[in-house]
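In what follows, a structure is listed as structure tokens, so that the remarks can point back to it.
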2 protein chains.
Amino acid sequence: MPHTVIEVSRSTLKRLPLYLHVLEDLHRQKQEYISCTALALKFDFGSIQVRKDLEVTGAEGTAKIGFRISDLIRNIKTFLGWHNVQDAFLVGAGNLGKALLGYRDFDLYGLNIVAVFDKDPAKIGTRIFDKEVMPVEKMPGLAARMHVNIGIVAVSAIAAQEVVNVMVASGIRAVWNFAPAPLEIPQGIILENARLTQSLAVLSNKLKCLLEEETKESVPCPM
Amino acid sequence: MPHTVIEVSRSTLKRLPLYLHVLEDLHRQKQEYISCTALALKFDFGSIQVRKDLEVTGAEGTAKIGFRISDLIRNIKTFLGWHNVQDAFLVGAGNLGKALLGYRDFDLYGLNIVAVFDKDPAKIGTRIFDKEVMPVEKMPGLAARMHVNIGIVAVSAIAAQEVVNVMVASGIRAVWNFAPAPLEIPQGIILENARLTQSLAVLSNKLKCLLEEETKESVPCPM
DNA sequence: TCTTAATCGATATAATTCTATCGATAAAAC
DNA sequence: GTTTTATCGATAGAATTATATCGATTAAGA
């Protein structure tokens, strides 16, 4: 039997958590079923898009009534690998690191920060949200012992590459990078950049167009 | 003379800040010129992609030597509207709000946080990075007086919609949302979501595939 | 019970986005 | 000075992604 390779676009992958948020809200409100049409109303794209996205998770709906919400939640979570919580190391106990540590919801998204590291001796030994900040040198040993796969980079752009190198040497398989720097990683290691500036770029450009449109009349604007 | 409407894809818009980072690095290192080929080496996409992206900013290169780096920086910044710094209001003085306030680099990206607001009486009056936390009620008056266009939402999902409503009523034109909630905004107002969970979804799925591939041999994996 | 309306699931079409090709041009090598 | 090589700029083509259409199915109303 040949393998059916499921092609999942990055765009679809990014929309799935959006659905998940809404679905969990509805689930809390004891709603049982929802149709793609109804779900699409929450977003600025159509119901066909929603249906196609849900399809990749293996969800199955019923005509006229739609999908069972609890099924959808389970399917999406399983598909994203959020059902089995993954342990993660966080490097950088600055403001961003604290913010990430404080973001309790990560548990719901399959992420559990088990340890925090920093280079700064002043920070080492202090506690943030009940987690002790440890020196980066301790990472390799702990990673091996705890079988941690995910590393979160929340340091400055200058320090980022060095941190990633340590992570990779420690056996980390996936790096979630918050530093505004292009990182180099060996083949086989997953790198995902959570760049704020990308999002800001879209906002800025739209705003620029909006403001230009107002001052000089009839200036064309993309989107 | 008909207007030449420049179609800029969201993808291109998101790559521009990536180029900017690298270019500013090179500029600091006193490099004068760079080719698309050389620039593309820093990323996991090709030189043609880079050239097409730079094209939209109006940059012009020279055969054999490439583009003048200082020109590129200026072009990208102008295109994104990052040359004229925009003032912004930040709502939410929690961990994320603090992290954003501490992110000094925003100035380089055309963003200047001028005031911080919160609902919590315990936080009002305290100072974060030299900025006094003010009650949300003061926003409307200040927005009008200071001609602020951008509002940053760094509150919980539950409080987000309410905050946005106040922002819109205050005359804010663009909302940068960090709350994991789908927000409703009136036509003509710009909304950009900086969702961490989207980025995490991509990472999780890749990691899930990687781990599955290792345990069960020959399991197909998207991407 | 029969008709109507809403929705799914599959397929087909359109739009967008990315990649390849080719001549023109400018610097470097010979 | 001529050839070679690297690059741009433009155009064409491929791949991907989004949207529309249509029959099948199921619940609700006449």
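Every chain is numbered from 1, with letters handed out A, B, ... down the list of sequences.
- The aromatic rings of B:Trp82 and B:Tyr109 lie tilted to each other, with the angle between the two planes from 30° to 60°.
- D:dA10 atom C1' lies 16 Å from atom CG of B:Asp53, rounded to whole Å.
- A 4.5 Å side-chain heavy-atom check between B:Phe79 and B:Val56 finds at least one atom pair inside the cut-off.
- Using a 4.0 Å heavy-atom cutoff across all strands shown, B:Gly46 reaches no nucleic acid atom at all.
- First and last contacts of DNA chain C with chain B, using any nucleotide atom under 4.0 Å from a protein heavy atom and ordered 5' to 3', fall at C:dT17 to C:dA27.
- Between A:Arg10 and A:Glu192 there is a salt bridge, since at least one side-chain N of the basic residue sits less than 4.0 Å from a carboxylate O of the acidic one.
- Residue-level contact check: A:Phe67 touches the backbone only, with heavy atoms under 4.0 Å from sugar-phosphate atoms and none from bases.
- In this pair, A:Phe45 and A:Phe43 present their aromatic rings parallel. The plane angle is below 30°, not in the 30 to 60° band.
- Both B:Gln49 and A:Arg51 sit near DNA chain C, but only A:Arg51 has its closest nucleotide nearer the 5' end.
- Between B:Glu60 and B:Arg68, none of the side-chain N atoms (NZ, or NE/NH1/NH2) sits under 4.0 Å from a carboxylate O, so this pair counts as no salt bridge.
- Rounded to an integer number of Å, the gap from NZ of B:Lys52 to P of D:dT11 is 12 Å.
- As rounded to whole Å, 13 Å separates atom P of D:dA10 from atom CG of B:Leu54.
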Measure all distances between protein nitrogen or oxygen atoms and nitrogen or oxygen atoms of nucleotides 24-30 of chain D, and list the pairs falling under 3.5 Å.
none

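- If you check every strand for non-hydrogen atoms under 4.0 Å, B:Thr37 touches sugar and phosphate atoms only.
- Applying the 6.0 Å contact sphere to CG of B:Asn112 captures more than 12 heavy atoms from other residues, nucleotides or ligands.
- Atom NE2 of B:His27 is surrounded by 12 or fewer heavy atoms from other residues, nucleotides or ligands within 6.0 Å.
- At a cut-off of 3.5 Å, with distance as the only test, no side-chain donor of B:Gln29 or B:Asp25 sits close to an acceptor on the other residue.
- Atom C1' of nucleotide D:dA6 and atom CD1 of B:Ile34 are separated by 14 Å, given to the nearest angstrom.
- The nearest whole Å value for the distance from the CG atom in B:Leu41 to the C1' atom in D:dT7 is 14 Å.
- Checked options A:Met139, A:Glu162, A:Lys119; the residue passing with A:Val91 is A:Met139 (criterion: side-chain contact (heavy atoms from CB on, under 4.5 Å)).
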